[in-house]
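Written below as structure tokens is the structure these notes are about.
Just so we're on the same page: letters track the sequence lines, and every chain starts at 1.
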Amino acid sequence: MALNEGACRFGLWWVHVAWADDVVHRVRFAKTGEEGAVPPVVRRYIAGQRVDPASLQSTAAADHAPFAAIYRAVREVGYGSTATYGAIAAQAGTSPRVVGTAMKRNPTPLVIPCHRIVARDGIGGFTPDIGIKRALLRMEAGERRIFSR
DNA sequence: CAGTGTTCAGGAT
DNA sequence: ATCCTGAACACTG
């Protein structure tokens, strides 16, 4: 199957996805977009259903050894739960700061659920907007009003 | 070399 | 208890 591209609305943001079959090449958050095709599991996840986009595959870190172990560990934290940068670092055999850098450069958020990685005390960061991370976590926690609060 | 989506220990308030 | 520092951590550009 050829490379697909499409976007889906998520609150004030748009989720742009580029994928082929069930391997996702890129996920990107932007303030603009236009309704289009995205993988079904992504659309349902964004709509608040309890499905996990981490069930898809990602091209991330295919040949990037240091980050590969980190991304693998991150994918193991399931829907609705979280892990700290430190815990992921311990599991991947690296340091918490490297985990932070790996999360920032994550080419496929949602598929590699970097929003589930939080600071020891606090939420940690998120690019391009911390509000997205908050919304996702609230959504996975089962809250219905996930925006602006 | 400086800079990270961190964390920890130490010390002062 | 909270609020500073300073330092170590393992990469990246």
Side-chain angles (χ1 to χ4, degrees), chain A residues 3 5-20 22-33 38-39 41-149:
Chain A
L3 182 74
E5 283 185 74
C8 178
R9 181 112 190 237
F10 180 62
L12 305 168
W13 293 83
W14 290 83
V15 188
H16 290 73
V17 187
W19 81 106
D22 55 349
V23 37
V24 178
H25 291 240
R26 178 130 196 240
V27 175
R28 173 175 61 99
F29 290 95
K31 283 163 292 194
T32 61
V38 297
V41 60
V42 170
R43 183 170 297 281
R44 288 189 294 157
Y45 173 78
I46 289 302
Q49 295 184 38
R50 198 181 179 78
V51 294
D52 197 349
S55 60
L56 297 170
Q57 290 169 219
S58 169
T59 56
D63 60 347
H64 197 312
F67 286 2
I70 295 176
Y71 291 145
R72 203 177 313 126
V74 170
R75 293 181 63 119
E76 285 174 23
V77 358
Y79 192 108
S81 52
T82 59
T84 64
Y85 296 97
I88 297 296
Q91 191 180 331
T94 182
S95 87
R97 308 202 71 159
V98 178
V99 174
T101 324
M103 295 305 96
K104 184 174 185 177
R105 297 186 193 291
N106 177 13
T108 61
L110 303 188
V111 178
I112 292 171
C114 56
H115 60 281
R116 296 178 188 148
I117 310 307
V118 298
R120 188 176 188 283
D121 35 283
I123 191 174
F126 196 86
T127 310
D129 187 314
I130 190 63
I132 297 173
K133 187 175 186 175
R134 274 202 276 267
L136 292 172
L137 289 174
R138 300 165 68 88
M139 189 181 79
E140 293 193 9
E143 298 187 29
R144 285 182 290 187
R145 290 147 59 173
I146 59 173
F147 296 109
S148 71
R149 219 139 73 82

Practice problem: Determine the contact category for A:Thr94: base if any of its heavy atoms lies under 4.0 Å from a base atom, sugar-phosphate if only primed atoms, P, OP1 or OP2 are that close, otherwise nothing. | Solution: sugar-phosphate
Exercise. Nearest whole angstrom, please: distance from the P of B:dG5 to the CZ of A:Arg134.
Key: 17 Å
Practice problem: Please state how far atom CD1 in A:Ile117 lies from atom P in B:dT7, giving the value in whole angstrom units. | Solution: 11 Å
Practice problem: Could you state the atom-to-atom distance from CE of A:Met103 to C1' of B:dT4 in whole Å? | Solution: 13 Å
Practice problem: Calculate the interatomic distance between A:Tyr85 atom OH and B:dG5 atom P; express it in whole Å. | Solution: 9 Å
Quiz prompt | Closest approach of A:Gly125 to A:Tyr85 (non-hydrogen atoms, all atoms of both residues) | solution = N-OH, 3.4 Å
Quiz item: So what does A:Gly86 hit on the nucleic acid, given a heavy-atom distance under 4.0 Å: a base, only sugar-phosphate, or nothing?
Solution: sugar-phosphate
Exercise. May I ask you to decide if the ring planes of A:His64 and A:Phe67 are parallel, tilted or perpendicular, using 30° and 60° as cut-offs?
Key: parallel
Quiz item: Want to settle it: does A:Phe67 or A:Arg97 sit nearer the 5' end of DNA chain C, counting the closest nucleotide to each?
Solution: A:Arg97
Practice problem: May I have the step-by-step check of ring pair (Phe, Tyr, Trp, His ring centres under 6.0 Å) for A:Tyr45 and A:Phe10, ending in yes or no? | Solution: CA-CA 10 Å; A:Tyr45 173 78; A:Phe10 180 62; 7.9 Å; no
Exercise. Write down the distance between CG (A:Asp129) and P (B:dG5), rounded to a whole number of angstrom.
Key: 15 Å
Practice problem: Both distances under 3.5 Å, Watson-Crick or G-U wobble: report the partner of B:dT6, or none. | Solution: C:dA8
Self-check item: Nearest-Å distance for atom pair CZ/P, residues A:Arg105 and B:dG3
Solution: 15 Å
Practice problem: Rounded to the nearest angstrom, tell me the gap between atom CD in A:Gln91 and atom P in C:dA10. | Solution: 17 Å
Quiz item: Which whole-number value in Å describes the distance from A:Leu137 CG to B:dG5 C1'?
Solution: 13 Å
Quiz item: Is a donor on one side and an acceptor on the other found under 3.5 Å between the side chain of A:Lys133 and the backbone of A:Cys114?
Solution: no
